[in-house]
Asker: 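The following block contains the structure, expressed as C-alpha cells.
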Amino acid sequence: MGELVMRRVVTVLLAAAVAVGASVGLGAAAAVPAATASASGATGSANAASAIGDTAATNAAALASATGSTVLAATSGSGTSSLSTTGSAAIDDVRRCIATNSQLDVYYLIDASGSLYSDVSGSTATDPDFVRADILGNSLKQLANLGNGVQVNYSAGFFGTEFKPAVDWTPVTADTADAQATALNQAIRNQPSLGYTNWGAGIAGAQAALAAQHAANGGCQMLVWLTDGALNLHDDDAQNAAALNTLCGNTVDGSSEPADGLGAFNDMRASGIVVVGVLLSVNPDPADATQTQYMRPLVESSGEVNGTTVTCGQSPPPSTSVNGALVQATDPTQLATVFANLGVLINGGYPQPFDADGGFQVDPGYRLSRC
C-alpha cells in the first residue's frame, strides 16, 4: 500500500485573526483529531512553532503553508479571551441542536448606552471608536460560513434606557455575508446614545423577538448580548439592585425586593436559547468592576463576584436546559473566534489544546503531506 496522505482537513484556520495579524483566544483550542502525528507516520508531535511570533494562530498558519492542510488555532497569549467549561458546553449545545435542525436564529442585542459614546461620556467613554461594530460585523461573517446546510437568520436590536428594534430577521449566506456584515456595522455606528443601561428592557425585547421567530420556524436559537457591563437605571442604586436580582432570579445585590421567579436568563436557558454574553472591555471603567462581574453568573448560571460565588436561576442548569458563554472582547477578532470554533465543531472537528511548544495531535498512522 502507498503512503497514506493526510486528507483529513482539520477545518478552518482562524482567517479573521490571521488576516489582521491579531492574537485571539478560546482557551488555546485547536480542532484536530486525537493522538499524535509525525512525518514518519508514528506517534509524535508536529511542531508548528514559527519565528514570526509565538501565537498559536501564527504557528498554525506556518503549518498550513508547509503541509497544504488547514488548521484551527486559537491562541493562549496574555490578554486574550477564553471560554470556561460552561462556555464550551454552550457552544456544544448549539452544535448538537443544528446537527438535527437546519435553522439557526441569532439575535444581536447591542448596548447603546451613553457610557459607550465620547459625545456623552467624553474621555471616559468605553468604546469611542465603535470597536463593537467591528466585533459584531466579524461575527456575522463567521456565522455565514457554518456550512452543512445550516440556514442562518439574524436580527438585531439596541438597548439603553429602553429597547429599540433595529434589523428584522434576515437570512445570511456566504454570498451575502460581507454586505450584511457591512450593513450591521454601519447600523451600529449610526445609532446615537439611548441613555441609561437597562439590561432588563433589552433582554425582554430580545426574548420577544426570538420567541416570535421560533414560533415561525422552530429553529435553534442564540442571543449575542454585547454590553460594556454597567447596569444603570437612572443612577438609582436601589433600582439597579432590584433589576439585577430579577434578571438573576436570586437576591444578589442587596435589594430588599425578592427576585421574580428564576430570572430571565434561566428562562432563556430553559427555552433553548444559548446566550453568548460579550463584555466589551475597551477602556473599561474601574468604577464598574463589580457590576461587570455579575455577567458571568447571569449568562453561565454561576460565577464569582468579589471572591464570592453567585448563582443565578438553576445552577448548574438541568439537562433539559442549555448553557451560556461569557466572552471578554477587547478587539474585533475575539468574538469572531467563538463563531469560528463553532463552525469547526459543526463541520466535524473538536477542540484540542496545543502543546506547550506549539505542537498538536492527529490520528496515529496519518502522515503530514501536501494535499
Side-chain angles (χ1 to χ4, degrees), residues 8-19 24 26-27 29-33 57 60 70-74 81 83 87-109 134-156 167 169-185 210 213-214 216-226 272-276 278 322-325 327 329 332-352:
R8 176 182 291 186
V9 178
V10 196
T11 59
V12 185
L13 175 69
L14 292 180
V18 175
V24 298
L26 271 181
V32 294
T70 307
V71 180
L72 174 81
S81 176
L83 287 181
S88 296
I91 300 302
D92 201 44
D93 285 334
V94 178
R95 178 187 64 82
R96 280 194 295 269
C97 182
I98 57 182
T100 58
N101 189 321
S102 61
Q103 298 281 332
L104 175 62
D105 301 323
V106 181
Y107 195 92
Y108 289 98
L109 179 61
D134 297 323
I135 289 174
L136 297 184
N138 280 342
S139 77
L140 187 57
K141 291 182 183 180
Q142 295 296 330
L143 282 171
N145 290 290
L146 289 183
N148 283 2
V150 177
Q151 173 59 62
V152 176
N153 311 292
Y154 85 101
S155 182
V167 180
W169 287 106
T170 304
V172 58
T173 66
D175 291 337
T176 64
D178 285 347
Q180 294 287 358
T182 298
L184 179 61
N185 188 313
L210 284 161
Q213 178 71 353
H214 193 263
N217 71 358
C220 305
Q221 296 201 311
M222 179 187 297
L223 169 62
V224 178
W225 171 44
L226 183 145
I273 300 171
V274 172
V275 178
V276 177
V278 184
V322 295
N323 295 279
V327 180
T333 60
Q334 287 184 352
L335 183 58
T337 306
V338 174
F339 294 105
N341 193 49
L342 176 59
V344 168
L345 291 170
I346 294 166
N347 287 304
Y350 59 91
Q352 178 76 13

Asker: Measure the spacing between OG of Ser88 and CG of Asn323 and express it to the nearest 0.5 Å.
Answerer: 10.0 Å
Asker: To the nearest 0.5 Å, tell me how far Leu210 CG sits from Gln221 CD.
Answerer: 4.5 Å
Asker: Within a strict 4.5 Å, meaning less than it, do heavy atoms of the Asp105 and Tyr154 side chains meet?
Answerer: no
Asker: Would you call Leu104 and Val94 a side-chain contact if the rule is heavy atoms closer than 4.5 Å?
Answerer: yes
Asker: With heavy-atom distances below 4.5 Å as the criterion, would you say the side chains of Pro171 and Gln151 are in contact?
Answerer: yes
Asker: Please report the interatomic distance CG(Leu140) to CG(Asp178), rounded to the nearest 0.5 Å.
Answerer: 10.0 Å
Asker: State the CE-CD1 distance between Met222 and Ile273, to the nearest 0.5 angstrom.
Answerer: 11.5 Å
Asker: With side chains defined as the heavy atoms from C-beta onward, is the minimum distance between Asn153 and Thr170 less than 4.5 Å?
Answerer: no
Asker: Is a donor on one side and an acceptor on the other found under 3.5 Å between the side chain of Asp93 and the backbone of Val322?
Answerer: no
Asker: Any idea which heavy atoms bring Ala181 and Gly137 closest together, and the distance?
Answerer: CB-O, 3.3 Å
Asker: So, taking the atom named CG in Leu143 and the one named OG1 in Thr173, what distance separates them when rounded to the nearest 0.5 Å?
Answerer: 12.5 Å
Asker: Just by modelled atom types, is the Val172 backbone N or O under 3.5 Å from a matching donor or acceptor in the Thr176 side chain?
Answerer: no
Asker: Any heavy-atom pair between the side chains of Val224 and Val278 that's under 4.5 Å?
Answerer: yes
Asker: Could you measure the distance from the CG atom of Asn101 to the SG atom of Cys220? Nearest 0.5 Å is fine.
Answerer: 4.0 Å
Asker: Quick one about Gln213 and Tyr107 (side-chain donor to acceptor, distance below 3.5 Å, no hydrogens or angles considered), yes or no?
Answerer: no
Asker: Looking only at atom types and distance, does a side-chain atom of Ser155 sit under 3.5 Å from a main-chain N or O of Val167, one as donor and one as acceptor?
Answerer: yes
Asker: Heavy atoms only: give me the nearest Leu136-Ser139 pair and the separation to one decimal.
Answerer: O-OG, 2.8 Å
Asker: For a 4.5 angstrom cut-off between non-hydrogen side-chain atoms, does Trp225 reach Val276?
Answerer: no
